Every structure is written in structure tokens, then in C-alpha cells.
Chemist: 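I'd like to ask some things about the structure below.
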There are 2 protein chains.
Amino acid sequence: MGHPAVAVTVDLVVLTVREDALCVLLVRRGVEPHRGREALPGGFLRPDEDLAAAAARELAEETGLTVGHLEQLASYGAPDRDPRQRVVTVAHLALVPDQPLPTAGTDAADARWVPVADACGLAFDHDRVLADGVERARAKLEYTALATAFCPPAFTVAQLRRVYEVVWGRALDPRNFHRKVTGTPGLLEPTGETTTRDGGRPAQLFRRGPADTLHPPFLRTDA
Amino acid sequence: MGHPAVAVTVDLVVLTVREDALCVLLVRRGVEPHRGREALPGGFLRPDEDLAAAAARELAEETGLTVGHLEQLASYGAPDRDPRQRVVTVAHLALVPDQPLPTAGTDAADARWVPVADACGLAFDHDRVLADGVERARAKLEYTALATAFCPPAFTVAQLRRVYEVVWGRALDPRNFHRKVTGTPGLLEPTGETTTRDGGRPAQLFRRGPADTLHPPFLRTDA
DNA sequence: CCAAAAGTGTTGATGATACACCCATGT
DNA sequence: ACATGGGTGTATCATCAACACTTTTGG
């Protein structure tokens, strides 16, 4: 075709909720450019794979994590974003439950969770990519069932509420929240189990239901 | 680097509202592959330009239209989407006011407006790209001031309502709609002018205000 | 005067917030 | 018994759909 060759990469904004903070998975770069700085995990697109497949492969290779949700975020292609050659990256957003990082058998040896508030000065244009990913996650909690992607397979209403509180950075009324989520058809399915608690009434356990969009939405007033 | 070269293109979903239909700009392909079939306008990314700049350039070259709004839509990179070589396309969504297609001085000689309901059997994976663009436009009307991008610089409340009705495919109550849009701060600014009408009370003319998000949103109930 | 389209008032339904209250468990 | 957190009832308030009604023009 005679058109300028471009390298295409897939980068990942992997978010989780742990210890009352929204955290992102970062890796420390071992090669130039930006050697030694932290960056979003990612890698080159292979000849025979789709964009979504590449994102899923990178996520498995670099983290070994169980994935709650994976979607395309946006593409970034400023001419000077990589000093070596022209690189266009297709960023993806992954939401995962809180889980320890497997340290063996993956490239995740030097990966770590960082609260998004502390993640800045990243390599390339990753500050921007991260900001876009966080904003996407915040917005999508309003009108989709995505918050369940941050939760383990079985979870309580209170756990789900903490997800909202941490991602949005504001407190929610536990009573009203309970009514809202249990009153939204298809959002939650009771497992019949309850938690064993340390000093309180046991909570019902739920798994996520078939609903993916929320009608009516949860509006974070103002913001 | 030694990584497989990929060609990157920028494709455009250009939408407008005309004659009570949501229409998309299509061009007939003059070269293989898919010669003779209709496709979304687009072209290759140049070495020195950003993705957004490439989209704006293509739009100007191929249409010469005044642009109401331009944003990135999504990227598509199935390995077999182009039989010649590996091509990843970054699709963009453009919303423009209804205006005649300039036929001179552009590549738009064979471009035409097609109602989205009639646009199928497009080249490559453009059916999919178009569907994603239309869905994005429909969703964004709910919570942004984007509908004004379909309108000329000065417009009436009724014109704006037609935009919503055509894009969503359902009738809205003129009285309630009027109250909603005039009651949303920053959405509309009165010009002081009125229309000269053919058999009815003249309508106030507005231009779009500084607001870009709508609080509270216009929900299309059910859908 | 009549038709047509702009714009306003009012009402009842629906959903959100705030908060009092009860329930079930561990210590 | 009591502390702790799960879960429910209810009043108050905002928002919305529906529709009757008034206003301003052209014929």
C-alpha cells in the first residue's frame, strides 16, 4: 500500500477497589524509553488477533487476574507519543475484584497496585489514559451494573456500596442504597447464603444478575 | 522493533438530521476491495498528525461541511477486516447541521446522504461501525447538549425537538420539551430574534449555550 | 373569525432523600 | 445486656408525564 507503517499496541487500565481506595495496576518499565518509570501494562498487537483478544491476552500474561469486565476505552496516537517510532495505542479498561497479584508464572513480578490519586508522572501519555479510564468507570457506575465487576462472585450489599463510595469519593446512605439495588430487577440474585460476621447481623450474599443497564440510573447528584 | 507493520486509517460516521430522518454520509468506493459498494468516508493516518487532526482533515477534504461536533468513536482491528493487509481503523463520530453537500473542490463528488435505516451492506465492517455510531449518538442525547450540534447557529425549540424525535424515533410532548430545555441552565441562549412563520405564532430563536452536560438528563423512558 | 403553532399552569404519579426504627448476631 | 451492622417503614421533597389552556401570528 505504501503507507507509513505504524506500530499498534494495546494498553490496559486495570482498576480494582482495595483498602477503601480505587487502585490501578502499574508496572515499572525495564527498557527504554522511560526506563524505570511506572506505566500502564500493555504490549504489541499480534498479526492474527483482534484488539479485544490482544487486550485479554495481555491482561492474562501480565497479571493472571480474574477479570470482572473488559472493554475498549479509546485510542491515542499523537505523533510524538513514543520517541522510537510512530505508535498508536488502543487502550482498554478492565475492572477486577480485589485479589492478590500472582507473582509466579507471569510478567507481573514488578506489577503493583497504586491508588489512582497517587498515580502520576507515568510514562508516555499514560497519565491521560488513566484519567480517561477512571472517568469512564465513574460515569458507567451511574447507569450500568458495572460495579459488580469489582466484587467477588458472591458479595453483600454493603460491599457493593463500598465500591460506589470509593469510586465516587462520597458517602451513600446505606438504607436507601440497599433498597435501590435490591429493588432493581435483574441486578442481584440471592445465593441464599449469609456471611459470618464479627459483631453484627449476618448479611445476605448475592451474585450478579443478568441486568447490565440500570433503569432508572443511580445519579451522583452534582459532581 | 521488529513488530508487524499495521496500517492505521481514520473512518468517519457523519450524521445529520434532514427531512425527518437520521442520515449518514456514504461514499461509493472506486477502488478494490469492495469496489462499487458504499462505505463510510475515511483515509490513512499521515505521519505527522494526531488521530483527531486526521479525522478533521478527512472530514474537510471529503465533505467541506461545517462541523457541529467531532469525537472519537472506537477502534476496529479484526485481522481479516481488510483483505489487502492488516488495517486498524479509528472510527470517529461527527454530527453536522443539515446542509447541502458541496460538490466542487472536494472528494465529495460521489458522496450522498442515506437514511441510516437504509444503510446496510456497507464495505468492510462498516455496518457495525455505523451501528455503534448511531447508538452513541442516541445515548449521548440523553445526557449532553449534543443535539444542538445537529442545528444551525440559530434555531427554535421546535427544531431541537425534531432532532430528538428523529434520532430517538419517538414523539415527545412539545409542552414538556419546551419547559425542559428552556429550564436547563446554560443550554440555550436567546438571540432576541423570532422566526417569521407561515400560519402560526412566531418562535423565539436560540443559539447553543455553554452547557455541555445535562443535569438532570433527558431520559428516553423504556427504549 | 379561524387555523396553526408557541408557550404556560396544574395535577397526579413516581422516585429520591432523610431518618426513625426493628432484626440478628458476637461478646 | 449491649454493641454492631443488616434491613424496613414512612414523611417530605423534587421531577415528570399528561393535558387543558392562553398567546400570537397568517389567511
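As the structure is a computational prediction, the values presented were derived from the model and not from experiment. Below, chains carry the letters A, B, ... as their sequence lines are ordered, and counting in each starts from 1.
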Chemist: Compute the ring centroids of A/F206 and A/F155, then answer whether they are less than 6.0 Å apart.
Modeler: no

Chemist: Any side-chain N or O of A/H178 less than 4.0 Å from the OP1 or OP2 oxygen of D/dT8?
Modeler: yes

Chemist: Rounded off to whole Å, could you give me the CZ-to-P distance for the A/R161 and D/dG7 pair?
Modeler: 10 Å

Chemist: Of the listed nucleotides (D/dG7, C/dG7, D/dG6), which one gets closest to any side-chain atom of B/R175?
Modeler: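 Nearest nucleotide to the side chain: C/dG7.
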
Chemist: Salt-bridged, B/R170 to B/E165, with N to O below 4.0 Å?
Modeler: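 B/E165 and B/R170: not salt-bridged.
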
Chemist: Rounded to the nearest angstrom, tell me the gap between atom CG in A/L205 and atom P in D/dG5.
Modeler: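 Going from CG in A/L205 over to P in D/dG5 covers 17 Å.
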
Chemist: Hey, is B/R57 close enough to B/E49 for a salt bridge, meaning N to O under 4.0 Å?
Modeler: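 Looking at B/R57 and B/E49, the cut-off is met.
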
Chemist: Find the distance A/F177:CZ to C/dC19:C1' and express it as a whole number of Å.
Modeler: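 Roughly 19 Å, once rounded to whole Å.
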
Chemist: Do the side-chain N or O atoms of B/Q204 get closer than 4.0 angstrom to the phosphate oxygens (OP1, OP2) of C/dG7?
Modeler: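 For C/dG7, OP1 or OP2 has a side-chain N or O of B/Q204 closer than 4.0 Å.
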
Chemist: Side chains of A/Y76 and A/D132: any donor to acceptor distance under 3.5 Å?
Modeler: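 Distance-only check passes for A/D132 and A/Y76.
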
Chemist: If I take atom CZ in residue A/F206 and atom C1' in nucleotide D/dG7, what distance separates them, rounded to the nearest angstrom?
Modeler: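 Computing the A/F206:CZ to D/dG7:C1' distance gives 10 Å.
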
Chemist: Are any of A/K180's side-chain N or O atoms less than 4.0 Å away from OP1 or OP2 of C/dT17?
Modeler: yes

Chemist: Side chain of B/R201, base of C/dA5: donor and acceptor closer than 3.5 Å?
Modeler: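 No.
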
Chemist: Taking CG from A/L172 and C1' from D/dG7, how many angstroms apart are they, rounded to a whole number?
Modeler: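 To the nearest whole Å, that distance equals 17 Å.
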
Chemist: Hydrogens and angles aside, do A/D11 and A/H92 bring a side-chain donor and acceptor to less than 3.5 Å of each other?
Modeler: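 No, no side-chain donor-acceptor pair sits under 3.5 Å.
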
Chemist: Classify the side chain of B/R179 and the base of C/dG9 as holding, or not holding, a donor-acceptor pair under 3.5 Å.
Modeler: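 By the distance-only test, yes, there is a pair.
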
Chemist: What is the distance, to the nearest angstrom, from the CG atom on B/D173 to the P atom on C/dG9?
Modeler: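 To the nearest whole Å, that distance equals 16 Å.
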
Chemist: Nearest whole angstrom, please: distance from the C1' of C/dG12 to the CG of B/N176.
Modeler: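 Atom-to-atom, B/N176 to C/dG12, this comes out as 13 Å.
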
Chemist: Send over the distance from A/R170 CZ to C/dA16 P, rounded to a whole Å.
Modeler: 13 Å

